[in-house]
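This report concerns only the one structure given below.
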Number of protein chains: 2
Amino acid sequence: MQKLAQVFKALADESRLRILNIILASGELCVCDIEAIMGFSQTKVSRHLAYLKRARLVDDRRQGLWMLYSMAKPKSEEHRQLLDCVKAILEANAVTKRDVARLSKNIKKGCCVTFTAVRPNSIPLTLKLN
Amino acid sequence: MQKLAQVFKALADESRLRILNIILASGELCVCDIEAIMGFSQTKVSRHLAYLKRARLVDDRRQGLWMLYSMAKPKSEEHRQLLDCVKAILEANAVTKRDVARLSKNIKKGCCVTFTAVRPNSIPLTLKLN
DNA sequence: TAACTATATTTGCTTAAACGAATATACTGA
DNA sequence: TCAGTATATTCGTTTAAGCAAATATAGTTA
C-alpha cells in the first residue's frame with residue numbers, strides 16, 4: 001500500500017513520465033540516448049531512472065559500458081495489472097509526441113550504441129513511430 | 001501531459017489513496033464520515049479532497065450542510081480510461097481493508113447523515129463489504 | 001437576525017524532492 | 001595498469017508538499 005503510493009510518486013513527475021514513455025516507445029534505451037532525446041543532464045536522467053527502477057516500473061541490464069532500460073517485466077499478477085494500466089494510460093495520453101519524433105531522428109543518425117549493436121534484440125521501433 | 005503528472009501526484013500520497021479507496025468502496029461519503037473512519041483532522045480531509053477534485057478524480061455535490069464526494073464521472077473517453085485504471089488498481093491492491101471495516105461499523109452506528117438521508121441514492125454498500 | 005454545524009481556506013512551520021556540480025564506480029581497450 | 005567512456009552517487013541549495021491551528025464561508029434552524 002505504501003508501495004502503491006510509491007509507484008504513483010514515481011509517475012508523479014513530468015520528466016519521469018516522459019522518460020518512461022520514450023522507453024516504452026522504443027522498447028529499450030541506454031542512458032545517453034535518453035539524455036540526447038530529452039536534453040537532460042546525465043545526472044538527471046540517471047537519478048530519474050533509479051527512481052523508476054525502485055518503483056519497479058523499469059528493468060535494467062548492462063551491455064558493456066551501457067545500461068539499457070526497458071519497461072519492467074511483471075513479477076506477479078498484481079504487478080502485471082499495474083504495468084498494463086500504466087502502459088495503457090501513457091499510450092492513451094500520447095504523452096510526448098515530440099520526444100518520439102526526436103527518438104526517430106536519433107535512430108536515423110545511429111546515436112550511441114542502442115540503435116546499432118543492441119537494437120536488434122528489442123521491440124521493432126517502426127511499429128510505434130509515424 | 002502536465003495534467004497527467006498532476007493526476008499521478010494526486011495519487012502519490014497514502015492518505016489520499018486511502019480516502020479515494022474508501023469513497024470508491026462506499027459510493028459516496030461526506031467529509032465528516034471520512035474524518036471518523038480515518039481518524040484524520042477536518043483540515044486534512046478537506047485539503048486532500050480538494051486535491052483529488054482538482055485532479056478530477058472525485059466529484060462533489062452539496063446536500064444541505066454536507067458535501068458529498070464520489071468517484072468522478074468520466075468527462076471524456078481518455079478520462080474514462082484513466083478512471084477505470086485507477087479503480088482497477090485500487091481494487092486489485094485491496095488497499096485498506098481496515099478502513100473498509102471501520103466504514104462498515106460506522107454504517108451500523110448511522111454516523112452522520114450520509115448513511116441515513118442520503119445513502120439511498122448511492123451505490124448499495126453491502127455489495128462491497130464483507 | 002443570531003447561533004450553530006459542516007466544510008474550506010489561510011498561515012507559519014517542517015520535511016521531502018528536484019536540481020546542477022562535483023565526485024565515484026564500472027567496464028573497455030591499449 | 002592506465003586512459004577513456006558510460007553511468008551512479010553524493011553534496012549543498014532551492015522549491016514544493018504535508019501538517020496543525022486558526023480563521024473564514026455556506027447553509028440550517030430557531
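As the structure is a computational prediction, the values presented were derived from the model and not from experiment.
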Identify which nucleotide among [options] has an atom closest to any side-chain atom of [X], counting heavy atoms from C-beta outward.
{"X": "Ser46(A)", "options": "dT9(D), dT28(C), dT7(C)", "value": "dT9(D)"}
{"X": "Val31(B)", "options": "dG27(D), dA8(C), dA17(C)", "value": "dA8(C)"}
{"X": "Met67(B)", "options": "dT7(C), dG27(D), dT7(D)", "value": "dT7(C)"}

Expressed in angstrom and rounded to an integer, what is the separation of [X] atom [atom1] from [N] atom [atom2]?
{"X": "Phe40(A)", "N": "dT7(D)", "atom1": "CZ", "atom2": "P", "result": "16 Å"}
{"X": "Asp33(A)", "N": "dT5(D)", "atom1": "CG", "atom2": "P", "result": "17 Å"}
{"X": "Leu65(A)", "N": "dA26(C)", "atom1": "CG", "atom2": "P", "result": "13 Å"}
{"X": "Asp60(A)", "N": "dT9(D)", "atom1": "CG", "atom2": "P", "result": "10 Å"}
{"X": "Leu11(A)", "N": "dA17(C)", "atom1": "CG", "atom2": "C1'", "result": "16 Å"}
{"X": "Gln63(A)", "N": "dT28(C)", "atom1": "CD", "atom2": "C1'", "result": "13 Å"}
{"X": "Glu14(B)", "N": "dC19(D)", "atom1": "CD", "atom2": "P", "result": "11 Å"}
{"X": "Leu68(B)", "N": "dT7(C)", "atom1": "CG", "atom2": "C1'", "result": "12 Å"}

On DNA chain C, check which nucleotide each of Arg62(B) and Tyr51(A) is closest to and give me the residue with the more 5' one. Arg62(B)
Any chance you could measure Leu4(A), atom CG, to Leu11(B), atom CG, to the nearest 0.5 Å?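 If we round to the nearest 0.5 Å, Leu4(A):CG and Leu11(B):CG are 8.0 Å apart.
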Kindly compute the distance separating CD (Gln42(B)) from CZ (Arg47(B)), expressed to the nearest 0.5 Å. 10.0 Å
Are Met67(B) and Leu57(B) connected into the same hydrophobic cluster when the rule is that any two of I, L, V, M, F, W, Y join if their side-chain heavy atoms are below 4.5 Å apart? yes
Are Leu49(A) and Leu83(A) connected in the hydrophobic side-chain network, where two residues link if heavy atoms are under 4.5 Å apart? yes
Given dA6(C), is OP1 or OP2 found less than 4.0 Å from the side-chain N or O atoms of Tyr69(B)?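 For dA6(C), neither OP1 nor OP2 has a side-chain N or O of Tyr69(B) closer than 4.0 Å.
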Side chains of Asp84(A) and Gln81(A): closer than 4.5 Å at any heavy-atom pair?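 When only atoms from C-beta onward are counted, Gln81(A) and Asp84(A) do not touch, as no gap falls below 4.5 Å.
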Is there a side-chain contact between Leu24(B) and Glu91(B), using heavy atoms and a 4.5 Å cut-off?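 Counting from C-beta outward, Leu24(B) and Glu91(B) do come under 4.5 Å.
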Would the distance check show the side chain of Arg16(A) and the main-chain N or O of Ala5(B) forming a donor-acceptor pair, the cut-off being under 3.5 Å?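 Looks like no, no N/O pair under 3.5 Å.
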Protein-to-nucleotide contact annotation, 5' to 3' order, nucleotides 19-25 of chain C [B base; S sugar-phosphate only; - none; under 4.0 Å, heavy atom]: BBBB---
